[in-house]
Amino acid sequence: MEQQEHHSTEQDLRQFRLNKLERIRARGDDPYKYAFTRTCMIGEARAAFEEAEAKASDGQSAGIPASLGGRIVAFRGHGKSAFADLRDETGKIQVFLGLNQIGEAAYAALDDLDIGDFIGVHGMVKRTKRGEITIFAERYEILCKSLRALPEKWHGLTDVETRYRQRYLDMAANPEVLDIFKKRIQLIAAMREWLADHAFYEVETPMLHPIPGGATARPFITHHNTFDCDLYLRIAPELYLKKLIVGGFDKVFEINRCFRNEGVDTKHNPEFTTMEMYEAYQDYMGLMGETEDMLCSVMETVLGAATFTYQGMEISLARPWRRITLHEAIRQYAGIDLESTHDRDEAAKRAKSAGVEITPAMGYGKIVDEVMSAKVIPHLIQPTFLYDYPIELSPLAKKKRGNPALTERFQPFIACLEVGNAFSELNDPIDQRERFMEQVKLREAGDDEAQYLDEDFVTALEVGMPPTAGLGIGLDRLAMLVTDSASIREVIFFPQLRLV
RNA sequence: GGGCGGGUAGCUCAGGUGGUAGAGCAUCGGACUUUUAAUCCGGUGGCCGCGGGUUCGAGUCCCGCCCCGCCUACCA
């Protein structure tokens, strides 16, 4: 028995386009060209025409010649003439295709074009009677035949699953998505520029770590065949960057991916991008000022303003940003004091009195962290530096001078989003070893996010690291802020989704 | 992991109390030389997420599973 043929518009549509493809080839044309010389981009052609128009004394312009390439995103046929909308990375322009202008053969060949195809057009850029800037084609050529339908012209593509799984469709159907990613690119470029201006060297350190260090997080595990050993995708570049300071670099930074084998939600993707910078002879207070300077600089570059709206919140980057110690913020927003006690049970009692859920497994540091998350962070709408964190939360930070219960650490918050983490780097190898041993105890007690002892890092500190301040910035979150994106998936080209 | 919502044509979405599966856009055929969500006429197109069950009959009701989103818990 023959299998019943499964009909669908998708298959029919593809077959129609394959037929057109064959017709193009049959008349000796190549539906997949090798190159096309454009005189300019579409956005530039529009701008150039408007400039020429403004200069023309009578308000009329003869038009300017151009060769433009792009994807056909709309087509309106009128019998013996037709209009197409052509789009490239910089914008969209209308194309007028008249039978008398391009000739009978070329006009007939329009039948083999579809929305989604790429074409190149030679002609004059002018305005139509209706005022639309249009390139009046003298000739055109097909550059790439599309075999699949683009999503609908009016509603675009809204199904978020398809948008993320097939981002190319999302971008092709929803040009504003390109703008979001352009902003992300601009943001990172601006940050590189700020760092270069401040004499930081950009470096690259390993992604494959024998010991996952520099943060508290569960790692991805992989295997090296030749060495027959397990390796971990890095959870942070921190320890390697500090080894570079030990070696003799004074100012370094790295912008690249980190990987954490943890939950996925609107603020977390398993792989994410950070900027980490280290500056010798600097401490956390000095770095706080630099952080403010850098974040204002790069965000204002992208935003073109010192204020912006994030998810309905009006945010002002006006300096100076608010600075408040973590313990003071807890007193202010939770109405309890966790600084005057270090007893775990007393701290738990006070946290519960403030309405924070506490489990028996939580130690003092974790309790402070919980209260901060539940009671403090939701109030940090305007840019704020929280600083002076309990030593239990910060195994790589120097003790605060004059108060060994605290560390010299700060975190910038904007619109209730934690965008970074910084401290005076712990450079006392004896202290660092003790802190690692504390982490090892936590790990042995069942905390699988506790940090590992990294002997080579301690050895490096014994060789000697000058006083150093370090900062990490979550670039995806910064991109969310400047693009007003509610989900981290909107600012990552290909966010992680379950395999299907 | 838990709670809520969702999955119907290529896309965007409708489908009261179970009774032959719908629209717009796209697509195909026809008309049209200044349209721009072009217009007009005609047509094609469906494993209704997957698998069970109840029923004479299930897109609809019940159970299980898969995927997505939001909220929630933990890491940035």
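The figures here come from the full heavy-atom set of this structure, side chains too, leaving out hydrogens, waters and symmetry mates. Convention: sequence-line order gives letters A, B, ...; per-chain numbering from 1.
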Flag as yes if A/His155 stacks onto the base of B/C13 (centroids under 5.5 Å, planes under 30°), otherwise no. no
Give a yes-or-no answer on whether the side chains of A/Asn19 and A/Gln15 include a donor-acceptor pair shorter than 3.5 Å. yes
Hey, are A/Thr407 and A/Arg435 close enough side-chain-wise for a donor-acceptor pair under 3.5 Å? no
Could you check whether A/Arg489 and A/Asn269, counting side-chain N and O atoms only, form a donor-acceptor pair closer than 3.5 Å? no
Taking any heavy-atom pair under 4.0 Å as a contact, classify A/Leu497: base, sugar-phosphate, or nothing. sugar-phosphate
Need to verify one output field. Residue with the more 5' nearest nucleotide on RNA chain B, A/Asp265 or A/Gln94? A/Gln94
Pair partner, B/U39 [Watson-Crick or wobble, under 3.5 Å]: B/A31
Checking all strands, does A/Glu370 fall into the base, sugar-phosphate, or nothing category for heavy-atom contacts under 4.0 angstrom? sugar-phosphate
Provide the distance between the two P atoms, one in B/C71 and one in B/G10, to the nearest whole Å. 31 Å
Rounded to whole angstroms, how far apart are CE on A/Met372 and C1' on B/C75? 12 Å
Categorize A/Glu161 for me: base, sugar-phosphate, or nothing, with a 4.0 angstrom heavy-atom threshold over every strand shown. sugar-phosphate
Can you tell me if A/Lys153 touches the phosphate of B/G10, counting only side-chain N or O atoms and a distance under 4.0 Å to OP1 or OP2? no
Looking at every strand, decide which applies to A/Gly472 at a 4.0 Å heavy-atom threshold: base, sugar-phosphate, or nothing. nothing
Please state how far atom CG in A/Leu147 lies from atom C1' in B/G10, giving the value in whole angstrom units. 14 Å
Rounding to the closest angstrom, what is the interatomic distance between B/U36 and B/C47 at atom C1'? 40 Å
Quick one: A/Arg498 CZ to B/C67 P, roughly how many Å, whole number? 5 Å
Between B/G24 and B/G18, how far apart are the two P atoms, rounded to whole Å? 29 Å
N/O donor-acceptor pair under 3.5 Å between A/Glu254 side chain and A/Met277 backbone: no
Interatomic distance where CZ belongs to A/Arg14 and P belongs to B/G10 [whole Å]: 14 Å
Answer with base, sugar-phosphate or nothing: what part of the nucleic acid does A/Phe16 contact at a heavy-atom distance below 4.0 Å? sugar-phosphate
Checking all strands, does A/Asn19 fall into the base, sugar-phosphate, or nothing category for heavy-atom contacts under 4.0 angstrom? nothing
Can you check the A/Asp170 CG to B/C68 C1' distance for me, whole Å? 15 Å
Could you tell me the Watson-Crick or G-U partner of B/G10, where both distances fall under 3.5 Å? Say none if there is no partner. B/C25
Over all strands shown, is A/Thr266 touching base, sugar-phosphate only, or nothing at heavy-atom distances under 4.0 angstrom? sugar-phosphate
For the P atoms, the ones on B/G16 and on B/C32, what distance do you get once it is rounded to whole angstrom? 44 Å
5' priority, RNA chain B, between A/Ser81 and A/Pro151 [closest heavy atom]: A/Pro151
B/A73 and B/A9: how far apart are their C1' atoms, nearest whole angstrom? 40 Å
Parallel, tilted or perpendicular, as decided by the 30° and 60° cut-offs, for the rings of A/Tyr333 and A/His379: parallel
B/G45 and B/A23, which share atom name P, separated by this distance in whole Å: 13 Å
Taking only side-chain nitrogens and oxygens of A/Arg165, does any of them come within less than 4.0 Å of OP1 or OP2 of B/C68? yes
What integer distance in Å separates A/Asn269:CG from B/C68:P? 13 Å
By the 4.0 Å heavy-atom rule, please label A/Phe75 as base, sugar-phosphate, or nothing. nothing
Across all strands shown, which nucleotide pairs with B/U55 by Watson-Crick or G-U wobble geometry, both distances under 3.5 Å? none
Pick base, sugar-phosphate or nothing for A/Gly79, based on heavy-atom distances below 4.0 Å to the nucleic acid. base
Using the C1' atom as the reference point in each nucleotide, state the distance between B/C50 and B/C67 in Å, no decimals. 10 Å
Do A/Lys375 and A/Glu370 sit within salt-bridge range, that is, some charged N less than 4.0 Å from a carboxylate O? no
Quick one: label A/Arg489 by what it contacts on the DNA or RNA (base, sugar-phosphate, nothing), any heavy atom closer than 4.0 Å. sugar-phosphate
Using a 4.0 Å heavy-atom cut-off across all strands, classify A/Asp159 as base, sugar-phosphate, or nothing. sugar-phosphate
Indicate, with a heavy-atom threshold strictly under 4.0 Å, whether A/Asn100 touches base, sugar-phosphate, or nothing. base
What's A/Thr158 touching, base or sugar-phosphate or nothing? Going by heavy atoms closer than 4.0 Å. sugar-phosphate
Across the strands shown, which category fits A/Lys92 at heavy-atom distances under 4.0 angstrom: base, sugar-phosphate, nothing? nothing
Measuring only the P atom in each nucleotide, how far is B/A21 from B/U44? A whole number of Å is fine. 16 Å
Under 3.5 Å, is there a donor on one side chain and an acceptor on the other for A/Ser424 and A/Glu408? yes
Is there a Watson-Crick or G-U wobble partner for B/G1 with both distances under 3.5 Å, and which nucleotide is it? B/U72
Would you tell me whether A/Arg71 and A/Ser146 have side-chain atoms, one donor and one acceptor, within less than 3.5 Å of each other? no
Under 4.0 Å: is that the gap between some side-chain N or O of A/Lys267 and OP1 or OP2 of B/U72? no
